[in-house]
Q: 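Mind looking over this structure? Questions follow.
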Amino acid sequence: MSVRRVSVFGATGSIGQSTLDLIGRAPEGYDVVALTGGANVAQLAADARRFQADVAVIADESRLEALRAALEGSGVQAAAGPAALLEAAARPADWVMSAIVGAAGLAPGLEALKQGATLALANKESLVSGGALLLDTAKRHGGTVLPVDSEHSAIFQALVGEDMAAVERLVITASGGAFRDWPLDKLAQASVGEASSHPNWDMGQRITIDSASMFNKAMEVIETHEYFGIDPEKIEVLVHPQSLVHALVGFQDGALMAHLGAPDMRHAIGYALHHPQRAPLPVARLDLAQIGRLDFAPPDPARYPALALAYQVMARGGLSGAVFNAAKDAALDAFIAGEIGFTHMAQVVAQVLDRLLPDNSLINAPMNLDNIAAAAHLGQTQSREAVRKLASHR
Ligand code: NDP
């Protein structure tokens, strides 16, 4: 097997660490080009040393000296800041993991695609904010985007050898998150701690809270629309508490192909890492006889109001995904900071969409990084404004 050049953006996070776990099981097969982190210098430096990366980049520029000190004598180059992230993404690599959280993941992903790399995309915010730009960049430069989000990896796998024209619907499952069984009238009082614990998946804090509110599923619905180019009315969400069926593809002959697996992101990461082959992966095997039953239910719109917002965004198109993602992130920040309650997050984002989607001309502007940033700024400021109003009435 030839040695493959790989980079991991967001290496210090949950997805990044799972990616390095897989790479670390067969290090002779990989030449690690760049590893990046946001603020966690100790983890970044330890991994950069272990994998003998060419460069380690920390996004927080104030931590450059600490990174340099931690890497002293290792031969690994230290760098910091957004420009250094782009420079690292421009280094030739065969396979690049995009696992930075938030909108900051888009620009490095685009840069990697411009080099013709295969981009393993965990950063769903990239597709939600700038899906058309990302996929168009891949097409123009000979790059490839492979989905890593478990539902999208599942759909991708179920579609191998199939014709998209024969697809009737794509169904993505949702665990229902931390509050699936809570009384509805208790949701407004839910704490950050309570929202940060997922029943099945072990993930970063932001995506875990987004699972409880189903903003995560709303993002994934948009991701499905962008990545597979399928009409919004053909995308369904199904609550499935066991998180073992990740997605289903319905065909025009009535067949429904389901993808099942343990809730372990190393499956989807490993599939993207070895694509188009399959390789052995260290994930649990399902014993369906022991599991015995799988449950499904439609999502309750009163419990998960965020879901309907995704369909509003898809109907509007253009840069509305960037507005949505930024408004959601600002509302999530406000919830984590204790400024607003759990149920306020969906209210805030709904207000922003109601205000901006109908006639803000920026939504129709051409999709490029500057306009995506401007739309995100608008979504963020409007979201903060809505938070301020709500917080003043609490
Ligand atoms: P984590 O919060 O665990 O990790 C995020 C990573 O991004 C860390 O390396 C963090 O660095 C880095 N980072 C944070 N802010 C910045 C910034 N401004 N610039 C550059 N780097 C930054 O998140 P996850 O691993 O859970 O998620 C990563 C992405 O994958 C998200 O888009 C998420 O939605 C998606 N995803 C995650 C899944 C999961 O199971 N975790 C499943 C499917 C998708 P540091 O920690 O050093 O500050």
Side-chain angles (χ1 to χ4, degrees), residues 7-21 34-48 56-63 66-67 70 79-86 88-89 97-109 111 119-130 134 146-154 172-175 177 196 198 200-211 215-220 222-224 227 243 246-247 261-269 271-272 283 325-326 328-329 332-333 336 373 376:
S7 291
V8 182
F9 284 75
T12 52
S14 166
I15 294 286
Q17 289 291 296
S18 292
T19 307
L20 292 179
D21 173 73
L35 296 182
T36 84
N40 188 345
V41 165
Q43 186 68 54
L44 179 62
D47 288 329
V57 184
I58 196 85
D60 178 351
E61 277 166 297
S62 72
R63 295 177 199 237
L67 182 63
L85 278 174
L86 287 184
M97 166 52 76
S98 167
I100 288 175
V101 65
L106 177 59
E111 197 58 44
L119 189 70
L121 191 69
N123 177 259
K124 59 189 79 188
E125 298 88 346
S126 289
L127 273 176
V128 172
S129 306
L134 196 83
L146 293 176
V148 169
D149 222 346
S150 58
E151 297 76 2
H152 307 82
S153 172
I172 59 175
T173 60
S175 70
S196 303
H198 197 281
N200 305 327
W201 293 92
D202 180 16
M203 309 185 285
Q205 186 193 35
R206 297 183 75 83
I207 184 172
T208 303
I209 299 175
D210 282 349
S211 295
F215 264 114
N216 181 48
K217 212 47 59 179
M219 301 275 286
E220 289 176 7
I222 300 172
E223 213 184 340
T224 304
Y227 188 80
S243 295
H246 302 306
D264 182 336
M265 284 306 294
R266 291 177 305 174
H267 170 75
I269 297 167
Y271 184 80
V283 299
N325 181 53
K328 186 276 290 180
D329 263 348
L332 178 58
D333 286 341
I336 292 173

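Both counts, for ligands and for their atoms, begin at 1 and track the order of listing. One-based numbering along the sequence shown.
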Q: Is there a donor in the side chain of Glu220 and an acceptor in the side chain of Asn216, or the other way round, less than 3.5 Å apart?
A: yes
Q: Is a donor from one side chain sitting under 3.5 angstrom from an acceptor on the other, for Asn200 and Ser243?
A: yes
Q: Rounded to the nearest 0.5 Å, how far apart are OG1 of Thr173 and CD of Glu151?
A: 5.5 Å
Q: Mark yes or no for whether Thr36, through its side chain, and Gly10, through its backbone, hold a donor-acceptor pair below 3.5 Å.
A: yes
Q: Considering non-hydrogen atoms only, spot the tightest contact between Glu61 and Pro82 and give its length.
A: OE1-CD, 4.0 Å
Q: Distances for all N or O pairs of ligand 1 and the protein under 3.5 Å?
A:
| residue | atom | partner | partner atom | Å |
| --- | --- | --- | --- | --- |
| ligand 1 | 3 (O) | Ser14 | N | 2.9 |
| ligand 1 | 7 (O) | Val101 | N | 3.3 |
| ligand 1 | 9 (O) | Gly10 | O | 3.3 |
| ligand 1 | 9 (O) | Thr12 | N | 3.4 |
| ligand 1 | 9 (O) | Thr12 | OG1 | 2.7 |
| ligand 1 | 9 (O) | Gly13 | N | 3.1 |
| ligand 1 | 11 (O) | Thr12 | OG1 | 3.1 |
| ligand 1 | 11 (O) | Gly38 | N | 2.7 |
| ligand 1 | 25 (O) | Ser14 | N | 3.1 |
| ligand 1 | 25 (O) | Ile15 | N | 2.9 |
| ligand 1 | 26 (O) | Gly204 | N | 3.2 |
| ligand 1 | 30 (O) | Ala122 | O | 3.4 |
| ligand 1 | 32 (O) | Glu125 | OE1 | 2.7 |
| ligand 1 | 32 (O) | Glu125 | OE2 | 3.4 |
| ligand 1 | 41 (N) | Ser14 | OG | 3.4 |
| ligand 1 | 46 (O) | Thr12 | OG1 | 3.4 |
| ligand 1 | 47 (O) | Thr12 | OG1 | 2.7 |
| ligand 1 | 47 (O) | Gly38 | N | 3.0 |
| ligand 1 | 47 (O) | Ala39 | N | 3.0 |
| ligand 1 | 47 (O) | Asn40 | N | 2.8 |
| ligand 1 | 48 (O) | Ala39 | N | 3.0 |

Q: Do Trp201 and His267 make the cut of ring centroids closer than 6.0 angstrom?
A: no
